[in-house]
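Each ligand, and each atom within it, is numbered from 1 in the order the structure gives.
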Amino acid sequence: MAEVVILPTSAEAGDLAASAIASLVSRRPDAVLGLATGSTPLSTWRALAARGLDLSRVRGFALDEYVGLPAGHPESYRAVITREVVEPLGLTPSLVRVPYDDGPLATAGERYEAAIDAAGGVDLQILGIGTTGHIGFNEPGSSFASLTRVKTLTEQTRADNARFFESLDQVPMHCVTQGLGTILRARHLVLLAFGERKAEAVAGAVEGPVTASLPGSAIQLHPHVTVIVDEAAASRLRFADYYRHAWANRFDWESL
Ligand SMILES: N[C@@H]1[C@@H](O)[C@H](O)[C@@H](COP(=O)(O)O)O[C@@H]1O
């Protein structure tokens, strides 16, 4: 079972996720981080930036990227990651990749998988979760063995993400995303979720049946997962009291 930590605010959640990253980087200054976009990880990046660590040797692999946006579009995940992660944290731009850059789309997945392998795999993967239960952009029905590939977004995900664009029809239809199989190979998964809108997806991912219908449930197959949620996102968790109890009574030597 995943370790589930329920905290009062997203700021405290971000601080805890930042401490997991900080402790990894202190052991391994060139650690490989899996980077997520979206609003959820923002408190993590903020808390990490506040620590003022030297992260210049850290390597980064984004979870996903849109297909079909004009080059340099401010909502491309390359641009978002540069603005929200690379610059505030002082990462080295050339050490951070997104799954679709230059080069042919048809082989983008293969090239990305090779790059992750060459880096020695992802040490810690930050994950958000979509209201469809997607992680990365692995929409319902995604294979648990899937690797980085092109996917078509659901209309629900396009509508959820329309807030970042001027109108719904500007939201791309396609993306390149790490597969569930890719994500499951990372050595530590840290999934964050905040707010009532995420409560159902969180309950399904943590406690529901392991099913391609809710791609986030793939985390139940991973040996080292930390789920960090606020009270609202935890509101549908059946075993919430147990998670609180276990966290309150953890051993000193236990760290994320
Ligand atoms: N591709 C991203 C996901 O990686 C992210 O986890 C999810 C949740 O977004 P937010 O954190 O903004 O709720 O939506 C986007 O579609």
Side-chain angles (χ1 to χ4, degrees), residues 9-11 13-14 17 33-47 60-69 73-85 96-100 108-109 112 122 124-142 146 148-165 168 170-180 182-184 186 189-206 214-219 225-230 232-234:
T9 64
S10 60
L33 279 189
L35 304 170
T37 49
S39 40
T40 306
L42 290 176
S43 60
T44 301
W45 310 139
R46 207 171 301 127
F61 287 91
L63 272 176
D64 40 22
E65 177 58 291
Y66 289 118
V67 172
L69 289 177
H73 190 287
E75 291 307 325
S76 72
Y77 284 172
R78 159 63 76 195
V80 171
I81 292 269
T82 301
R83 198 164 61 228
E84 294 176 353
V85 188
V96 177
R97 297 185 59 147
V98 295
Y100 177 45
Y112 206 57
V122 171
L124 187 155
Q125 175 67 58
I126 296 287
L127 292 171
I129 188 163
T131 57
T132 64
H134 69 233
I135 51 176
F137 266 140
N138 293 282
E139 298 284 25
S142 295
S146 52
T148 306
R149 70 220 182 285
V150 176
K151 286 289 284 183
T152 305
L153 299 174
T154 62
E155 287 302 295
Q156 185 177 330
T157 296
R158 292 186 66 235
D160 283 349
N161 289 359
R163 66 188 193 280
F164 297 112
F165 294 84
L168 179 60
Q170 288 186 11
V171 185
M173 197 91 73
H174 298 99
C175 65
V176 178
T177 180
Q178 288 192 28
L180 294 174
T182 317
I183 293 169
L184 289 174
L189 303 181
V190 176
L191 187 146
L192 298 138
F194 309 122
E196 171 63 32
R197 281 175 63 243
K198 301 292 175 74
E200 203 172 319
V202 167
V206 175
L214 199 135
S217 66
I219 65 170
V225 183
T226 310
V227 176
I228 311 176
V229 289
D230 65 4

If you count the atoms of ligand 1 from 1 in the order shown, which ones are under 4.0 Å from a heavy atom of [X]?
X: H134; value: 7 (C), 14 (O), 15 (C), 16 (O)
X: G128; value: 6 (O)
X: D64; value: 1 (N), 2 (C), 4 (O)
X: S39; value: 10 (P), 11 (O), 12 (O), 13 (O)
X: G38; value: 11 (O), 12 (O)
X: T40; value: 10 (P), 11 (O), 13 (O)
X: F137; value: 1 (N), 15 (C), 16 (O)

At what distance is the nearest protein heavy atom to [atom], and which residue and atom is it?
atom: atom 5 (C) of ligand 1; result: T37 O, 4.2 Å
atom: atom 3 (C) of ligand 1; result: G136 O, 3.5 Å
atom: atom 13 (O) of ligand 1; result: K198 NZ, 2.6 Å

For ligand 1, is any non-hydrogen atom under 4.0 Å from [X]'s backbone (N, CA, C, O), its side chain (CB onward), both, or neither?
X: R163; answer: side chain
X: L127; answer: neither
X: A36; answer: neither
X: Y77; answer: side chain

**Asked** V225 and side chain to side chain contact (heavy atoms under 4.5 Å, CB included): which partner among L127, V206, I219?
**Response** I219
**Request:** Go through the side-chain N and O atoms of Q156 and T132 and say whether any donor and acceptor fall under 3.5 Å apart.
**Result:** no
**Item:** Y112-Y100 aromatic ring centre distance below 6.0 Å
**Value:** no
**Request:** Give a yes or no on whether the ring-centroid distance for H73 and F164 is below 6.0 angstrom.
**Result:**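 Distance test on ring centres: not under 6.0 Å, no.
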**Item:** Any N/O pair T157/ligand 1 closer than 3.5 Å
**Value:**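 For ligand 1, there is no N or O atom that lies under 3.5 Å from one belonging to T157.
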**Message:** For the backbone of V98 and the side chain of E65, can you confirm whether one donor and one acceptor N or O come within less than 3.5 Å of each other?
**Reply:**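 Answer holds: no.
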**Request:** Would you confirm whether R83, through its side chain, and P74, through its main-chain N or O, come within 3.5 Å as a donor-acceptor pair?
**Result:** yes
**Asked** Roughly how far apart are E84 CD and L35 CG, rounded to 0.5 Å?
**Response**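 Here the rounded value is 11.5 Å.
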**Prompt:** Quick one: NE2 on H134 to OG1 on T177, what's the gap to the nearest 0.5 Å?
**Reply:**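 H134 atom NE2 to T177 atom OG1 measures 8.5 Å (nearest 0.5 Å).
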**Closest to atom 8 (C) of ligand 1 (judged by heavy-atom distance), picking from I129, L153, L35** = I129
**Message:** Can you classify the ring geometry of Y77 versus Y66 as parallel (below 30°), tilted (30 to 60°) or perpendicular (above 60°)?
**Reply:**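 Tilted: the ring planes of Y77 and Y66 meet at 30° to 60°.
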**Item:** Ion pair check, R163 and E75, cut-off under 4.0 Å
**Value:**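 No salt bridge links R163 with E75.
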